[in-house]
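Down below is the structure, laid out as structure tokens.
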Amino acid sequence: MKLKQITPLILLTLAFFFWKCSNTEKGQVVKPNILFIMSDDHAYQAISAYGFGLNETPNIDRIAEEGAIFTRACVTNSLCAPSRAVLLTGKHSFINGKVDNVQTFDWNQDNFPKLLQANGYQTAMIGKIHLDGLPQGFDYSMVLPGQGQYYNPDFLINGERKRLEGYVTEIITDSALDWLKNKRDSSKPFCMLYHQKAPHRNWLPAAKYMNLYDDKTFELPESFFDDYEGRGSAAKEQEMEINRDMMWGHDFKLIVNPNGDSTNFVPDLKRMNEEQRAAWMAAYESENQEFLANMPQGVELAKWKFNRYIKDYLRCIKSVDDGVGQLLDYLDETGQAENTIVVYTSDQGFYLGEHGWFDKRFMYEESFRTPLVVRYPKEIKPKTEIGKLVQNLDFAPTFLDYAGITIPKEMQGESFRHLVSGETNEWRDAVYYTYYEYPAVHMVKRHYGIATERYKLIHFYYDVDEWELYDLEKDPHEMKNVYNDPAYAEVQKDLHKKLDETRKLYGDNDEYDQKYLKAYLDHEEKVKQRAANKK
Ligand code: SGN
Ligand code: CA
């Protein structure tokens with residue numbers, strides 16, 4: 001063989017050797033670390049990478065710039081605890097059993113951290129989990145009981161309750177860093193669920209951000225005064241309107257109720273220590289007094305309420321974004337950025353005044369979608385944009401795939417590893433959604449449906465029997481239900497067929513609905529009786 005012929009062969013061998021070395025350690029494939037960051041109720045509209053211009057989130061944006069942003073990531077059930085059960089198990093709510101915030105979650109079923117643990121990972125869960133019982137699948141757990149508190153919160157540290165002084169978002173970040181630096185076995189790859197409580201209602205900011213946005217006025221979204229014409233009774237009968245349903249004390253942080261009775265003060269003030277309370281009073285009280293002295297009316301009052309809400313909401317997000325920055329810096333400083341998959345998402349989306357609303361639950365876009373950005377320099381090109389219908393159902397299989405673990409066939413999601421790396425563009429063309437918590441706070445009716453890239457078909461049931469169909473291309477804000485529009489007769493027929501197929505695919509049926517309805521009503525009855533017995 002001539003040298004000319006041998007050279008490419010040598011180069012190829014050398015390239016393979018170097019590739020092997022970079023991926024192996026003592027002959028073993030190096031498994032990537034997983035840093036799964038999630039916050040609670042973080043609307044994609046409040047992440048600057050999504051381009052809404054509301055606020056700046058430079059650290060979350062960094063993940064998107066150095067990796068991928070998903071523009072149509074969505075959830076299967078837009079509520080906190082169910083969303084967490086889905087992401088852990090990779091199964092729809094009606095299969096994993098945690099359909100609403102009141103049913104108990106069965107920790108004995110399989111979840112992805114258990115599988116990672118069994119395959120050499122060290123796992124930790126730090127922050128909000130909202131699932132009762134000792135979390136299974138974690139070498140270390142430090143979780144808020146239930147919703148948790150913003151100030152001086154209690155934590156369950158490997159099951160033991162302890163009150164920690166400080167602001168919840170900062171405590172969770174410090175504890176995550178502490179686990180990474182000092183507590184874990186660094187000979188093993190890690191998987192850490194770093195899950196913030198913020199920006200969940202009632203949006204209490206850190207003292208240092210209480211005055212952020214003081215000099216700014218946020219404009220009401222276009223659909224703020226939506227009259228819900230053109231949609232069914234569910235949109236009309238909800239109780240999540242900023243202007244009507246938010247509370248003077250709890251949400252707007254007035255210490256004196258403008259209506260005269262004194263029951264509506266900020267309850268959280270009691271939990272704060274003196275220093276925190278002093279910062280709070282200094283930041284809010286003069287504005288409160290001014291408001292009470294010259295109470296605006298009509299549209300001006302709506303604007304005031306919206307601004308109170310959105311400013312506190314965005315202030316909470318500022319601390320969440322700071323924490324993301326600290327974690328990213330830690331990965332950089334310790335040379336782990338290359339080998340760590342970083343995910344930022346929320347348990348669901350949220351309304352920031354669209355349709356006049358706050359909260360979530362509906363299958364309409366703002367709460368159906370959720371933010372998702374992912375960085376993994378080894379496989380994901382910077383500035384990747386993915387518009388496919390990826391769901392929180394897909395997290396468990398995706399993480400297992402990255403870790404080289406066989407995905408159990410019972411898991412219903414799909415790994416998006418090869419979609420986000422650009423290796424394939426093939427993906428599902430419809431996703432399935434269910435929502436069960438009714439009658440309950442915010443009164444969003446029970447519903448299920450499917451979404452395709454262009455359309456959405458929703459069925460509201462239980463105390464109604466109403467169908468809605470939206471054409472997102474023509475009506476991105478879902479203002480007009482075209483279910484009975486003859487121009488959509490074919491589309492409607494196709495979507496019904498698709499919905500039936502999708503329900504079959506995932507194994508959903510009316511029996512599940514009946515079973516969970518009974519469980520829910522039994523629970524409500526017990527709560528009522530308990531309250532009556534107390535009287
Ligand atoms: C609390 C909130 C509600 C919220 C639910 C569920 N009220 O009840 O506004 O919809 O949680 O949220 S508050 O008194 O806590 O402010 S979830 O994210 O946990 O599902
Ligand atoms: Ca939530």
Side-chain angles (χ1 to χ4, degrees), residues 37-46 73-88 93 98-105 127-132 143-151 153 168-169 172 193 195-205 238-242 244-253 263-271 305 308-309 312-313 316-317 320 344-353 356-363 366-372 392 434-445 520 523-524 527:
I37 314 174
M38 192 164 87
S39 53
D40 195 335
D41 294 356
H42 192 171
Y44 54 83
Q45 306 92 296
C74 57
V75 295
T76 64
N77 182 347
S78 185
L79 199 60
C80 189
S83 169
R84 291 156 203 274
V86 167
L87 71 88
L88 283 168
S93 302
K98 183 68 185 164
V99 298
D100 51 40
N101 276 341
V102 303
Q103 300 305 315
T104 42
F105 176 64
K128 183 172 176 184
I129 181 92
H130 206 176
L131 299 169
D132 289 342
V143 300
L144 292 163
Q147 296 282 9
Q149 303 284 345
Y150 271 105
Y151 280 94
V168 72
T169 307
I172 292 173
L193 277 58
H195 288 187
Q196 292 290 6
K197 164 194 168 61
H200 191 275
R201 193 180 178 196
N202 63 333
W203 319 294
L204 300 186
Q238 46 59 41
E239 293 178 4
M240 44 192 260
E241 289 176 32
I242 294 168
R244 184 193 60 194
D245 301 313
M246 277 193 178
M247 296 186 271
W248 287 118
H250 187 68
D251 298 305
F252 298 127
K253 326 294 177 22
T263 50
N264 245 337
F265 60 100
V266 186
D268 313 82
L269 282 175
K270 278 196 206 150
R271 203 174 168 94
K305 288 180 171 184
R308 255 286 150 111
Y309 159 50
D312 279 341
Y313 181 84
C316 290
I317 288 171
V320 171
Y344 184 88
T345 190
S346 169
D347 61 342
Q348 13 66 206
F350 213 67
Y351 294 93
L352 302 182
W357 297 340
F358 66 107
D359 213 63
K360 51 258 177 178
R361 299 162 192 269
F362 276 112
M363 199 192 165
E366 290 81 0
S367 46
F368 169 63
R369 274 181 57 188
T370 196
L372 177 60
N392 58 343
T434 59
Y435 173 78
Y436 304 84
E437 200 177 274
Y438 179 88
V441 57
H442 303 306
M443 295 302 276
V444 173
K445 293 188 191 297
Y520 185 77
H523 175 271
E524 292 299 280
V527 172

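The model shown is predicted, which means the values in this text are computed figures rather than measured ones. Side chains included, hydrogens not; waters and symmetry mates left out as well; all remaining heavy atoms used. In listed order, ligands and their atoms are each counted from 1.
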Measuring centre to centre across the rings, with the benzene-like ring taken for any Trp, is Phe358 within less than 6.0 Å of His442?
yes

Row for the Ca ion (ligand 2): angle OD1 (Asp40) to OE1 (Gln348), 10° precision, value 150°

Scanning both residues in full, the closest heavy-atom pair of Pro205 with Cys316 reads N-SG, 3.9 Å

query = Below 4.0 Å from any atom of ligand 1, is there a heavy atom belonging to Lys360?
reply = yes

Arg361 with Asp359: basic N within carboxylate O range, under 4.0 Å: yes

- prompt: Are the side chain of Lys360 and the backbone of Gln348 linked by a donor-acceptor contact shorter than 3.5 Å?
  reply: no

In this structure, NZ of Lys98 is separated from OG of Ser83 (nearest 0.5 Å) by 12.0 Å

Atom 15 (O) of ligand 1: closest protein heavy atom, distance to 0.1 Å, is His200 CE1, 3.9 Å

Checking heavy-atom distances from atom 6 (C) of ligand 1 to each of Arg361, Arg201, Gln348, the winner is Arg361

At under 4.0 Å between heavy atoms, what of Asp251 touches ligand 1? The answer is neither

*Assert yes or no for the condition that the ring centre distance of Tyr313 to Phe350 is strictly below 6.0 Å.*
yes

One finds that the ligand 1 atoms under 4.0 Å from a non-hydrogen atom of His130 are 19 (O)

If you scan protein heavy atoms around atom 17 (S) of ligand 1, the nearest is Cys80 CB, 3.1 Å

Taken to the nearest 0.5 Å, the spacing of Ile317 CD1 from Ser39 OG works out to 7.0 Å

Residue, atom and distance of the protein heavy atom nearest atom 3 (C) of ligand 1 read His442 NE2, 3.5 Å

closest protein heavy atom to atom 19 (O) of ligand 1 is Gln147 NE2, 2.8 Å

For Asp40, the ligand 1 atoms with a heavy-atom partner under 4.0 Å come out as 18 (O)

Of all protein heavy atoms, the one nearest atom 4 (C) of ligand 1 is Asp359 OD1, 3.5 Å

Taking only non-hydrogen atoms of His250 and a 4.0 Å limit, the atoms of ligand 1 in range are 13 (S), 14 (O), 16 (O)

Closer than 4.0 angstrom, basic N to acidic O: yes or no for Lys128 and Asp40? yes

Which of Asp347, Val143, Asn101, Leu144 passes side-chain contact (heavy atoms from CB on, under 4.5 Å) with His130? It is Asn101

Metal site the Ca ion (ligand 2): N/O/S of Ser83 inside 3.0 Å: no

At the Ca ion (ligand 2), OD2 of Asp347 and OD1 of Asp41 open up to roughly (10° bins) 140°

